[in-house]
There are 2 protein chains.
Amino acid sequence: MRAATPESRRSSPAAVSAAEELIRATGARVTQGRILVLEVLQAAGRALTHHEIEAAVTGPLDRVTVYRVLDWLTRQQIAHKIPGDDRVWRFTIAGQKQAHHHAHFQCTDCSQVICLDDVPTTLRPRLPAGYRSAGVEVTVKGQCKACVRPAPRRVRR
Amino acid sequence: MRAATPESRRSSPAAVSAAEELIRATGARVTQGRILVLEVLQAAGRALTHHEIEAAVTGPLDRVTVYRVLDWLTRQQIAHKIPGDDRVWRFTIAGQKQAHHHAHFQCTDCSQVICLDDVPTTLRPRLPAGYRSAGVEVTVKGQCKACVRPAPRRVRR
DNA sequence: ACATCTTATGCAATCTTGTTGCGTTTGTTC
DNA sequence: GAACAAACGCAACAAGATTGCATAAGATGT
């Protein structure tokens with residue numbers, strides 16, 4: 001975990017970050033790991049993989065801890081867990097408006113995922129008898145800005 | 001091996017199966033593995049995991065071969081590869097009408113996937129500038145018939 | 001500020017899914 | 001039936017994610 005001079009942790013007046021606020025609101029412990037990971041997610045404008053998150057976190061944070069924090073964030077419905085075409089989880093902060101209907105774009109070249117906010121999803125596919133719908137997810141497949149022009153980047157993770 | 005009497009190849013008396021036909025039409029080799037796997041997929045009314053397919057195939061067929069056959073079927077666009085919420089690929093036969101717009105239902109309890117045919121997908125979410133759409137996938141999340149009623153089954157695979 | 005209790009963390013080991021390399025077998029063609 | 005390429009089986013490997021357990025750190029009461 002991070003160096004954490006006394007000032008950096010408690011007396012910093014500027015911002016009890018939005019992340020910290022959100023975590024505290026759950027009633028669970030406000031830990032460094034949770035704050036750091038959540039701040040990374042909030043700063044990113046797109047879905048991040050576990051790797052990207054681990055790399056973006058400022059201090060060293062154990063791989064497993066990142067997994068556990070992400071799992072916790074997902075259970076708290078603060079984050080959203082997206083299965084990708086490369087078999088890798090990606091995570092985004094889950095805005096409240098996105099609770100039920102949610103659209104993603106996934107690049108077929110680099111597998112990046114971004115969230116699409118303005119979804120015209122008044123869409124209700126009919127399910128077989130006995131099935132219960134809990135929401136609809138729309139995923140647009142295609143090429144992202146970076147991959148559409150030149151030779152594809154092939155980032156993958 | 002010459003034109004093979006029915007019994008000499010398999011116990012299935014159902015003549016030259018639709019599966020065999022389909023494979024032959026691609027111009028590639030018509031092998032036991034391909035026939036068996038494709039028949040399993042055609043018989044199933046839903047998306048199957050690698051495990052399910054391997055278990056359903058009558059004779060012993062190597063794990064890796066099943067993977068390779070599935071990969072080949074996907075490349076031939078005979079099968080369709082679906083990423084699930086449990087990090088496991090699922091495969092279905094790809095009907096021709098499903099080519100571009102295709103909806104799935106995925107159970108949040110047991111992760112089973114079924115195909116929904118009648119999708120009213122006249123839906124075109126707006127993408128950021130520079131992005132290129134190649135198709136839209138709609139996934140309905142919820143509980144399947146088996147999981148909606150009693151205590152959820154939690155099958156997972 | 002300190003003791004205490006609980007929960008989260010770090011580390012190592014493990015599991016699961018899927019892939020690769022390579023020698024052998026099997027379809028297909030002639 | 002021979003010859004050749006394409007599939008197959010086996011073993012090893014790889015990557016992502018999970019689990020068990022001892023230790024550290026947040027929260028709470030005094």
Side-chain angles (χ1 to χ4, degrees), chain A residues 1-4 6 8-10 16 19-20 23-38 47-55 57 59-76 79 81-91 111 155-157, chain B residues 1-4 8-10 16 20 23-38 47-55 57 59-76 79 81-91 111 155-157:
Chain A
M1 206 155 285
R2 174 170 71 177
S8 75
R9 305 192 52 181
R10 298 230 179 271
V16 181
E20 198 167 334
I23 295 164
R24 196 172 304 278
T26 67
R29 285 193 187 169
V30 181
T31 68
Q32 287 300 300
R34 286 172 182 172
I35 296 172
L36 291 170
V37 169
L38 184 48
L48 299 180
T49 64
H50 172 269
H51 273 291
E52 292 171 319
I53 294 165
E54 201 185 341
V57 159
L61 198 60
D62 193 76
R63 226 165 56 82
V64 176
T65 301
V66 174
Y67 275 119
R68 286 199 267 233
V69 166
L70 288 170
D71 190 46
W72 180 83
L73 288 171
T74 305
R75 282 200 315 276
Q76 298 302 313
K81 192 177 185 178
I82 308 163
D85 274 358
D86 53 357
R87 254 174 59 83
V88 172
W89 295 120
R90 284 177 173 75
F91 298 85
S111 289
V155 175
R156 299 215 100 207
R157 75 186 61 95
Chain B
M1 180 182 288
R2 89 236 108 237
S8 74
R9 310 194 51 177
R10 267 174 304 119
V16 184
E20 198 166 331
I23 295 164
R24 196 171 305 277
T26 67
R29 285 195 188 168
V30 181
T31 68
Q32 287 300 298
R34 286 172 181 172
I35 296 173
L36 291 170
V37 169
L38 184 49
L48 298 181
T49 64
H50 172 268
H51 273 291
E52 292 172 320
I53 294 165
E54 201 185 340
V57 159
L61 198 60
D62 193 75
R63 222 166 58 83
V64 175
T65 302
V66 174
Y67 275 118
R68 287 198 266 231
V69 167
L70 288 171
D71 191 45
W72 179 83
L73 288 171
T74 304
R75 283 200 314 276
Q76 298 302 314
K81 192 177 185 178
I82 308 162
D85 274 359
D86 52 359
R87 249 174 61 83
V88 171
W89 295 117
R90 283 177 174 73
F91 298 85
S111 288
V155 174
R156 297 216 102 209
R157 76 186 59 97

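The interatomic distance linking B:Glu54 (CD) with C:dT16 (P) rounds to 14 Å, in whole Å. At whole-Å resolution of the value, CD1 in B:Ile35 and C1' in C:dG27 are 11 Å apart. Atom-to-atom, OH of B:Tyr67 to C1' of D:dA11 comes out at 15 Å; the value is rounded to the nearest Å. When rounded to the nearest whole Å, the span between CD1 of B:Ile23 and C1' of D:dA6 equals 15 Å. One interatomic measurement links the two molecules: CG of B:Leu36 to P of D:dG9, which rounds to 10 Å at whole-angstrom precision. Following rounding to the nearest Å, B:Gln32 (CD) and C:dT28 (C1') show an atom-to-atom distance of 15 Å. In this structure, the CZ atom of A:Arg24 is 11 Å from the P atom of D:dG26, given to the nearest Å. Atom CD1 in B:Ile82 sits about 17 Å away from atom C1' in C:dG18, given to the nearest Å.
Where B:Arg87 and B:Arg68 meet DNA chain C, the nucleotide closest to each residue was compared, and B:Arg87 sits on the side nearer the 5' end. Where A:Trp72 and B:Lys81 meet DNA chain C, the nucleotide closest to each residue was compared, and A:Trp72 sits on the side nearer the 5' end.
Looking at the side chain of A:Ala28, the nearest of the listed nucleotides C:dT17, C:dA8, C:dT28 is C:dA8. For B:Asp62, whose side chain is taken as the heavy atoms from C-beta onward, the closest listed nucleotide among D:dC10, D:dT19, C:dT26 is D:dC10. Here the nucleotide nearest the side chain of B:Trp89, chosen from D:dA7, C:dG18, D:dA17, is C:dG18. Of the listed nucleotides (C:dC11, D:dA17, D:dA11), D:dA17 has the atom at the smallest distance from the side chain of A:Val88. In this structure, the nucleotide among C:dT9, D:dC10, C:dT26 sitting nearest to the side chain of B:Val64 is D:dC10.
Scanning atom types as modelled, no donor and acceptor separated by under 3.5 angstrom connect the side chain of B:Arg29 and the base of D:dA7. The base of C:dT19 sits within donor-acceptor range of the side chain of B:Arg63, with an N or O pair under 3.5 Å.
Of the inter-residue distances, the one linking A:Ile53 atom CD1 with A:Tyr67 atom OH reads 10.0 Å to the nearest 0.5 angstrom. The CH2 atom of B:Trp89 sits 5.0 Å away from atom NZ of B:Lys81, with the distance rounded to the nearest 0.5 Å.
A pairwise comparison of heavy atoms in A:Ala47 and A:Arg90 identifies CB-CB, 3.7 Å as the closest pair. In terms of heavy-atom proximity, B:Arg34 sits nearest to B:Val69 at CA-CG1, 3.9 Å. Of all the heavy atoms in B:Ile35 and B:Ile23, the pair that sits closest is N-CD1, 3.6 Å.
Under 4.0 angstrom from either OP1 or OP2 of D:dA6 there lies no side-chain N or O belonging to B:Thr31. Of the side-chain N and O atoms in A:Thr65, none sit less than 4.0 angstrom from OP1 or OP2 of C:dA8. For the pair A:His51 and D:dG16, the criterion of a side-chain N or O lying under 4.0 Å from OP1 or OP2 is met.
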